[in-house]
Asker: 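One structure is given below, represented as structure tokens, and several questions about it will come after.
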Amino acid sequence: TATTCMIALDVIDPAASLTITTADIPSAMVSEAYDASFMASGGTEPYTWRIDGVVPGLSFEPSTQHLTGTPTVAGSYPLVVEVRDGRGLL
């Protein structure tokens, strides 16, 4: 018997690579307004942003790349920030 599968291969042009240039974001304080933004360079615009992870009281607006709101619960919250370029490449 034979088995087949569909895979995708991304071929990256190093001269056009996409990089998130925001190295870090500031700490937040419970009950205080918060606003942090993310930036990227390279690739082909427009960019599509996504954040995986939840911080109670904050929300992410992909069109402006801003994480905003008023945190409600103290803690350490891991966030994964992803940006794709206009060709869909990471």
Side-chain angles (χ1 to χ4, degrees):
T1 63
T3 301
T4 62
C5 69
M6 176 67 88
I7 62 170
L9 171 65
D10 289 334
V11 178
I12 305 300
D13 178 356
S17 65
L18 180 59
T19 303
I20 296 174
T21 57
T22 305
D24 201 5
I25 57 174
S27 295
M29 301 290 285
V30 170
S31 299
E32 291 186 14
Y34 184 81
D35 186 358
S37 63
F38 297 89
M39 298 189 70
S41 66
T44 303
E45 292 189 37
Y47 301 139
T48 302
W49 291 85
R50 185 179 84 167
I51 289 186
D52 284 337
V54 175
V55 178
L58 299 186
S59 61
F60 181 66
E61 177 52 53
S63 65
T64 62
Q65 301 90 243
H66 279 257
L67 180 64
T68 61
T70 304
T72 58
V73 180
S76 180
Y77 299 93
L79 301 174
V80 176
V81 180
E82 177 185 284
V83 62
R84 290 181 179 264
D85 75 358
R87 297 176 295 168
L89 301 178
L90 296 172

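All heavy atoms count here, side chains included; hydrogens, waters and symmetry mates do not. Please read all numbers here as calculations on a predicted model, not as lab measurements.
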Asker: So if you build clusters from Ile, Leu, Val, Met, Phe, Trp, Tyr with side-chain heavy-atom gaps below 4.5 Å, do Tyr77 and Ile51 land together?
Answerer: yes
Asker: Would you say Thr21's side chain and Met39's backbone share a donor-acceptor pair under 3.5 angstrom?
Answerer: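 Yes, because the side chain of Thr21 sits within donor-acceptor range (under 3.5 Å) of the backbone of Met39.
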Asker: Which of parallel (below 30°), tilted (30 to 60°) and perpendicular (above 60°) describes Phe38 and Trp49?
Answerer: tilted
Asker: Would you name the heavy atoms of Ser63 and Glu61 that are closest together and state the gap between them?
Answerer: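 Taking every non-hydrogen atom into account, OG-OE2, 2.7 Å.
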Asker: If you compare all heavy atoms of Leu67 against all heavy atoms of Leu79, which two are closest, and at what distance to 0.1 Å?
Answerer: CD2-CD1, 4.0 Å
Asker: What closest approach, in Å, do Val83 and Ala40 show between heavy atoms, and which atom pair accounts for it?
Answerer: CG1-CB, 4.3 Å
Asker: Looking at Pro71 and Tyr34, what are the two nearest heavy atoms and their distance?
Answerer: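 Result for this residue pair: CD-CB, 4.2 Å.
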Asker: Do Val55 and Met29 belong to the same hydrophobic cluster, where Ile, Leu, Val, Met, Phe, Trp and Tyr are linked whenever their side-chain heavy atoms lie under 4.5 Å apart, directly or via other members?
Answerer: no
Asker: Could you tell me which non-hydrogen atom of Arg87 sits nearest to which non-hydrogen atom of Thr44, and how far apart they are?
Answerer: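 That would be NE-OG1, 3.4 Å.
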Asker: For Asp35 and His66, which heavy atoms make the closest approach, and how far apart are they?
Answerer: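 Shortest heavy-atom contact: OD1-ND1, 2.6 Å.
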Asker: To the nearest 0.5 Å, what is the distance between OG (Ser41) and CG (Leu18)?
Answerer: 7.5 Å
Asker: Linking I/L/V/M/F/W/Y whenever their side-chain heavy atoms sit closer than 4.5 Å, directly or via other members, would Ile25 and Val73 fall into one cluster?
Answerer: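 Yes, same cluster.
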Asker: Can you find a heavy atom in the side chain of Pro62 that is under 4.5 Å from one in the side chain of Thr48?
Answerer: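 No, too far: nothing below the 4.5 Å cut-off.
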